[in-house]
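Each remark here refers to the structure printed beneath this line.
The chain is numbered in sequence order, starting from 1. Start at 1 and go down the list; that is how both ligands and their atoms are numbered. From a predicted model like this one, the values you see are computed outputs, not experimental measurements.
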Amino acid sequence: MKIGFIGLGHMGAPMALNLIKAGHALSVFDLSADAMRTLADAGATLAGSPKAAATGAEWVITMLPAAAHVRAVLSGEDGVLAGVSKGVTIIDSSTIDPASAKAFAALAQANGNRFADAPVSGGTGGAVAGTLTFMVGGTAELYESVKPVLSGMGKNIVHCGETGTGQVAKLCNNLVLGVTMAGVAEAMALGEALGIDAKVLGGIMNTSTGRCWSSDTYNPFPGVIETAPSSRGYTGGFGTDLMLKDLGLATDAAKQARQPAYMGALAQQLYQAMSSHGDGKLDFSAIIKLYRHEGGEKG
Ligand code: NAD
């Protein structure tokens with residue numbers, strides 16, 4: 001199928017590459033020339049704008065940082081909606097707030113298009129391996145129609161409910177992730193300060209009740225998990241500023257629902273502190289630097 005793909009960052013680039021591997025013809029756009037080059041080498045057609053990427057496409061997929069970027073890419077003279085054929089479905093896999101997802105669905109509908117929110121979990125590793133989980137919001141029929149396309153990039157394609165509920169699932173998941181990473185970082189740094197070897201402590205945790213994704217796959221202490229961003233200088237993972245954005249979305253949504261989010265709000269402050277210290281581009285597991293710096297960095 002002909003797919004317009006916009007947003008070729010840490011997640012978007014490997015997702016688009018997997019669609020090419022699955023046999024689809026891609027027309028891609030990103031503001032970064034480097035990102036475009038990688039896709040050109042793999043056989044994608046380079047478009048000069050979101051509009052050009054969407055023109056003639058049977059599906060359009062966006063994978064952008066935040067709602068403001070999605071709005072900019074969809075609307076305007078050079079936007080997707082100006083180029084896309086009527087009846088085409090736009091799938092947004094960015095993590096954004098549920099209210100914006102609903103607003104974009106309404107914009108698409110007014111243009112004669114359908115819109116599915118389909119944020120992902122699984123990280124950059126899942127994007128490369130094609131094993132992402134997609135959380136899809138929209139009608140059951142829309143979900144059935146997007147499933148074959150998303151299967152080229154993921155293993156678990158889950159229908160969450162009406163438009164916006166994919167984003168609800170994503171925000172709730174990332175609330176847990178932000179909190180568990182802070183907890184694991186706190187415990188690993190405490191263990192170090194108290195004199196236990198980090199690998200031993202990590203190993204115990206990962207066969208005990210402290211085990212979670214933040215400890216057994218993405219452990220923030222360097223060297224505990226060789227494939228984790230912590231073992232390569234906190235690069236190439238899920239950026240702190242993106243986690244900060246997601247916790248902001250979660251706490252805002254909690255405010256609107258008049259729900260408490262005690263842990264989410266505290267975690268948000270921790271990632272905010274990291275970002276203010278200039279570490280916003282590092283993987284979010286670098287949160288352990290807050291703890292290791294405070295106690296005097298060891299190793
Ligand atoms: P990223 O910052 O690496 O990539 C975003 C890309 O969008 C960049 O290449 C940027 O140039 C491009 N872009 C920005 N504005 C644009 C515009 N107007 N037109 C065209 N391109 C534009 O981000 P990422 O890590 O790939 O994350 C993308 C989304 O997926 C975010 O919403 C994030 O929260 C979510 N997410 C990320 C991860 C992860 O592990 N990185 C995991 C799950 C979900």
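Not a single donor-acceptor pair under 3.5 Å links the side chain of Asp97 to the backbone N or O of Ala253. Ser151 contributes a side-chain N or O that, together with a main-chain N or O of Lys147, makes up a donor-acceptor pair within less than 3.5 Å. Remark: the backbone N or O of Gln272 is not paired with any side-chain donor or acceptor of Ser275 at under 3.5 angstrom. Remark: side-chain polar atoms of Ser231 are paired, donor with acceptor, to backbone N or O of Ile225 under 3.5 angstrom. Using a distance-only test at 3.5 Å, with no hydrogens or angles considered, a donor-acceptor pair links the side chain of Tyr234 to the main chain of Pro220. Looking at Lys155, its side chain never comes within 3.5 Å of a backbone N or O of Gly126 through a donor-acceptor pair. Listed for the Thr89 side chain is no donor-acceptor partner under 3.5 Å among the backbone atoms of Trp59. Checked by atom type and distance alone, the side chain of Ser230 pairs as donor or acceptor with a backbone atom of Asn219 at under 3.5 Å. In this structure, Gln268 contributes its side chain and Asp246 its backbone to no donor-acceptor pair below 3.5 Å.
The Thr95 neighbourhood of ligand 1 comprises atoms 32 (O), 34 (O), 35 (C), 44 (C), with distances under 4.0 Å to a heavy atom of that residue. Of all atoms in ligand 1, listed by their number and element, those nearer than 4.0 Å to a heavy atom of Met63 are 29 (C), 30 (O). For ligand 1, the atoms lying closer than 4.0 Å to a non-hydrogen atom of Thr124 are 40 (O). Those atoms of ligand 1 with a heavy atom of Ser94 less than 4.0 angstrom away are 32 (O). When each atom of ligand 1 is checked for a heavy atom of Lys170 under 4.0 Å away, the hits are 43 (C), 44 (C). Heavy-atom contacts of Phe29 reach the following atoms of ligand 1: 19 (N), 20 (C) (cutoff under 4.0 Å). Each of the following atoms of ligand 1 lies closer than 4.0 Å to a heavy atom of Gly237: 41 (N).
Checked by distance only, ligand 1 and Lys245 come closer than 3.5 Å through their nitrogen or oxygen atoms. Considering backbone and side-chain N/O atoms, Ser93 never comes within less than 3.5 Å of an N/O atom of ligand 1. Remark: ligand 1 and Ile6 share no N or O pair separated by less than 3.5 Å (distance only, no angle test). Between Leu64 and ligand 1, at least one pair of N/O atoms sits closer than 3.5 Å. Taking only nitrogen or oxygen atoms, main chain and side chain alike, Pro65 reaches within less than 3.5 Å of ligand 1. Considering backbone and side-chain N/O of His10, one or more are found under 3.5 Å from N/O of ligand 1. Checked by distance only, ligand 1 and His69 stay at 3.5 Å or farther apart across all their nitrogen or oxygen atoms.
The protein heavy-atom contact nearest to atom 40 (O) of ligand 1 is Phe238 CB, 3.4 Å. Atom 37 (C) of ligand 1 has Met11 CG, 3.5 Å as its closest protein atom, hydrogens excluded (heavy atom only). Atom 11 (O) of ligand 1 has as its closest protein heavy atom Asp30 OD1, 2.6 Å. Counting only heavy atoms of the protein, atom 33 (C) of ligand 1 lies nearest to Leu242 CD1, 3.8 Å. The nearest heavy-atom contact from the protein to atom 21 (N) of ligand 1 is Leu31 N, 3.5 Å.
Between Met15 and Phe5, the closest side-chain pair of non-hydrogen atoms falls below 4.5 Å.
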List, one per line, each side-chain donor-acceptor pair under 3.5 Å for residues 72-87, sequence neighbours excluded.
from, atom 1, to, atom 2, distance (Å)
Ser75, OG, Arg71, O, 3.0
Lys86, NZ, Asn111, O, 3.3

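Of the listed residues (Ile96, Leu8, Val120), the one carrying the non-hydrogen atom nearest atom 44 (C) of ligand 1 is Val120. When the options Ala127, Gly9, Gly123 are ranked by their closest heavy atom to atom 4 (O) of ligand 1, first place goes to Gly9.
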